[in-house]
Amino acid sequence: MKIKSTLFPVLFHLFLVFPFLGAESLQLGAEDEWQGTILHNLESSPGKGGFLDLVLSRTELSVSDEYTDILLSLNRERSADRTGRYSLEEHPEYGKRYFKSGSGSATFNRENRLVLQSRDPKALFSPYSSWEDFTIEFWLYPANPKEGERIISWEGLGRKDNEIYSQSILCHFINRRLVWSFNNVFQLPDTPESHYEISGDAVLPRQWNHHLLRYDSRTGMLEYLINGLPSAIIYTTPGGEESNTVFKPRIGEEPGKIILGDGFTGFMDEFRVERRFNEVPSISRYNRPGYGVSPVLDLEFSDSRIDTLEVLSGTPDNTAVYSYYLSTNSLLEAEQARQNFRGEESIMEEDSVWSPLRDGIDDAKGRYLLVAFLLFPDMKSDQSPSLSFLNIGYTPSFPPLPPSHIRASHEMEGIRLEWTPSASPDVEGYLLFFGEKPGEYIYPGSPVKIEKENYTFIDGLSPFKQYFFSVRSYTGGSEPRYSDFSKEISVRP
């Protein structure tokens with residue numbers, strides 16, 4: 001957090017220059033890189049001025065224990081199958097320059113590849129596995145699609161009546177189109193022999209496209225979608241059309257390894273295989289809002305006035321950024337509000353403590369300030385808003401000045417104490433402290449509260465003893481502010 005201060009002289013009294021009152025500012029973001037800010041579904045990204053902006057996290061696929069067979073996020077070095085059903089025996093490189101979700105993608109350069117081996121007997125690519133519905137999906141960014149580049153390849157062996165047959169699944173480029181070939185994978189009970197092939201529209205180089213192949217075991221429909229739009233449909237039936245007789249996928253006794261990116265140049269992200277026909281695939285980079293809440297900002301003194309709260313954000317198309325604030329003199333209230341903030345849920349509560357920034361700062365005061373923000377994507381254009389930084393201007397509510405020139409005089413059986421009033425305009429009264437040791441004002445009746453007046457009378461003190469006195473000013477309001485102690489004097493009654 002960067003603190004800037006601009007001071008302006010405002011008060012002179014009796015040729016003495018008192019401490020200056022001044023406006024100050026805080027900035028969140030920019031140089032402090034949002035340190036201490038709680039983020040939910042938000043991440044930092046290079047932004048304005050070479051600093052980090054906050055943007056929505058790119059949507060990552062999630063694991064479903066019921067459906068997910070393979071899930072590779074492909075974000076970082078030594079990426080693993082998140083289901084735990086497959087081991088990775090070879091890894092490609094991983095890069096953070098080009099990616100579709102998460103923080104990175106697998107980088108292929110014809111010389112490397114990714115190799116998966118089943119290690120769970122319940123996995124789809126385990127021996128004697130019979131499939132029902134399934135979906136295979138991934139994001140692909142080809143540098144320049146060339147003949148024979150293999151995106152997915154798998155080979156295995158099966159046995160029928162003591163005769164061995166081969167099986168294969170191949171997804172590769174032919175004439176700039178991804179072609180899916182299944183050899184002896186879809187089977188009838190009495191024969192393993194079959195060959196089905198499906199291909200879609202041509203794929204353009206140097207851009208991300210989402211590829212999804214899904215299978216409905218009831219009808220035998222095998223459908224290929226590109227970027228969520230149907231590109232081709234075939235049926236795994238004897239005649240290749242809808243029929244009551246459906247070939248269903250089965251894996252033989254010796255399944256081989258799954259190889260991704262063999263001979264391919266480009267990037268792959270978010271590879272997933274599921275045991276279901278995914279009816280509503282999500283291909284949006286941003287399909288959930290995000291929120292954040294600042295650390296508790298200490299404005300130094302109770303009832304400090306918040307003058308400005310400016311948000312620099314980018315909202316392309318129909319994206320949106322909404323900002324809220326909380327000002328309070330209670331550190332406990334601020335900390336609880338920070339820890340309990342749940343985005344829209346907290347804002348919409350009937351007794352919400354959050355004020356919308358769009359209504360402006362209306363006489364907001366407090367020692368502690370929190371700023372919260374909600375970011376919403378444009379679901380149609382699939383874009384995220386950005387938040388660059390927050391500027392906060394405030395005027396500290398400095399404590400009052402102590403009184404000066406304390407004088408003591410003997411009167412009758414006591415002591416009269418008098419002082420020059422505090423120069424601060426908002427002083428409501430004074431507290432007179434006294435005791436038998438310098439700086440220790442522990443004595444019955446200390447302190448004495450004096451409202452408005454600048455003198456008081458103290459009696460009942462022991463004669464000959466030395467007593468020490470000091471005075472503090474205080475302001476009015478529900479949470480008074482107190483000055484420092486005045487210069488100490490001592491008196492013997």
Side-chain angles (χ1 to χ4, degrees), residues 3 5 7 9-22 24 296-305 328-335 365-368 394-493:
I3 303 178
S5 178
L7 301 178
V10 296
L11 182 62
F12 293 86
H13 180 72
L14 297 177
F15 305 103
L16 295 177
V17 182
F18 290 98
F20 295 155
L21 302 179
E24 300 199 7
V296 176
L297 305 175
D298 189 347
L299 307 187
E300 305 176 68
F301 302 103
S302 295
D303 291 328
S304 291
R305 186 181 71 247
T328 176
N329 286 321
S330 169
L331 179 59
L332 177 61
E333 180 185 6
E335 289 287 3
K365 293 181 179 180
R367 174 167 181 173
Y368 303 104
Y394 68 98
T395 301
S397 183
F398 291 103
L401 297 170
S404 59
H405 300 291
I406 302 176
R407 299 172 295 278
S409 58
H410 294 81
E411 284 192 8
M412 299 174 60
E413 296 181 356
I415 295 175
R416 175 185 171 90
L417 291 115
E418 187 176 356
W419 52 87
T420 302
S422 168
S424 298
D426 54 351
V427 168
E428 292 288 326
Y430 303 92
L431 295 174
L432 173 67
F433 293 81
F434 55 96
E436 297 178 353
K437 294 182 180 180
E440 295 185 14
Y441 308 120
I442 304 172
Y443 197 86
S446 174
V448 176
K449 186 174 183 179
I450 304 102
E451 295 183 357
K452 303 296 184 181
E453 305 296 343
N454 64 317
Y455 63 89
T456 191
F457 183 81
I458 302 293
D459 60 4
L461 300 178
S462 300
F464 310 115
K465 277 191 176 183
Q466 186 178 17
Y467 291 89
F468 298 85
F469 298 86
S470 183
V471 181
R472 298 180 74 181
S473 311
Y474 68 85
T475 63
S478 59
E479 295 194 21
R481 290 170 286 118
Y482 299 91
S483 73
D484 292 333
F485 285 92
S486 69
K487 183 178 179 180
E488 184 181 75
I489 66 169
S490 66
V491 180
R492 290 183 188 272

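Just so you know, residue 1 is the first one in the sequence shown, and it goes up from there.
- Glu300 and Tyr394 are linked by a side-chain donor-acceptor pair at a separation below 3.5 angstrom, with hydrogens and angles left out of the test.
- Expressed to the nearest 0.5 Å, how far OG1 of Thr456 lies from NZ of Lys449 amounts to 13.5 Å.
- Using a distance-only test at 3.5 Å, with no hydrogens or angles considered, a donor-acceptor pair links the side chain of Ser473 to the main chain of Leu401.
- Between the Ser462 side chain and the Lys465 main chain, no donor and acceptor come within less than 3.5 Å of each other.
- For Arg305 (side chain) and Lys365 (main-chain N/O), no donor-acceptor pair under 3.5 Å exists by modelled atom type.
- Remark: the backbone N or O of Pro400 is not paired with any side-chain donor or acceptor of Arg481 at under 3.5 angstrom.
- The side-chain contact (heavy atoms from CB on, under 4.5 Å) search around Ile442 returns none, not counting sequence neighbours.
- Pairing each heavy atom of Ile415 with each of Ala408, the nearest pair is CG2-CB, 4.1 Å.
- Nearest heavy-atom pair, Phe485 versus Ser470, reported as atom, atom and distance to 0.1 Å: CB-OG, 3.3 Å.
- Checked by atom type and distance alone, the side chain of Asn454 pairs as donor or acceptor with a backbone atom of Trp419 at under 3.5 Å.
- Between Arg472 and Tyr482, the closest heavy-atom pair is NH2-CB, 3.3 Å.
- A pairwise comparison of heavy atoms in Val491 and Pro493 identifies O-CD, 3.9 Å as the closest pair.
- Using modelled atom types, no side-chain atom of Asp484 and backbone atom of Pro402 make a donor-acceptor pair closer than 3.5 Å.
- Other residues, nucleotides and ligands place no more than 12 heavy atoms under 6.0 Å from the OH atom of Tyr455.
- In this structure, Arg416 fails the cation-pi test against Phe457, since its NZ or CZ atom is not both closer than 6.0 Å to the six-membered ring centre and inside 45 degrees of the ring normal.
- Aromatic ring centres of Phe434 and Tyr443 lie closer together than 6.0 Å.
- Put simply, the side chain of Glu488 never gets that close to the backbone of Phe468: no donor and acceptor are under 3.5 Å apart.
- A distance-only check finds a donor-acceptor pair linking the side chain of Arg407 to the backbone of His405 [under 3.5 Å].
- Pairing each heavy atom of Pro399 with each of Ser483, the nearest pair is CB-CA, 4.5 Å.
- Under the side-chain contact (heavy atoms from CB on, under 4.5 Å) criterion, Glu440 pairs with Lys437, sequence neighbours left out.
- The two residues Ser446 and Tyr441 come nearest to each other via the heavy atoms OG-O, 3.3 Å.
- A distance of 11.5 Å separates CG in Asp459 from CD in Glu411, rounded to the nearest 0.5 Å.
- Put simply, the side chain of Ser424 does not reach to within 4.5 Å of the side chain of Phe398, judged on heavy atoms.
- Annotation: side chain of Arg367 is not in contact with side chain of Ser304 (no heavy-atom distance under 4.5 Å).
- Annotation: the span from Leu417 atom CG to Phe469 atom CZ amounts to 5.0 Å, rounded to 0.5 Å.
- Counting heavy atoms from C-beta on, the side chains of Gln466 and Glu436 never come closer than 4.5 Å.
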Q: Go through the steps for Ile458 and Leu432 under the test side chain to side chain contact (heavy atoms under 4.5 Å, CB included), then give the verdict.
A: CA-CA 10 Å; Ile458 302 293; Leu432 173 67; 3.8 Å; yes

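- Here Leu299 contributes atom CG and Tyr368 contributes atom OH; the two are 9.5 Å apart, rounded to the nearest 0.5 Å.
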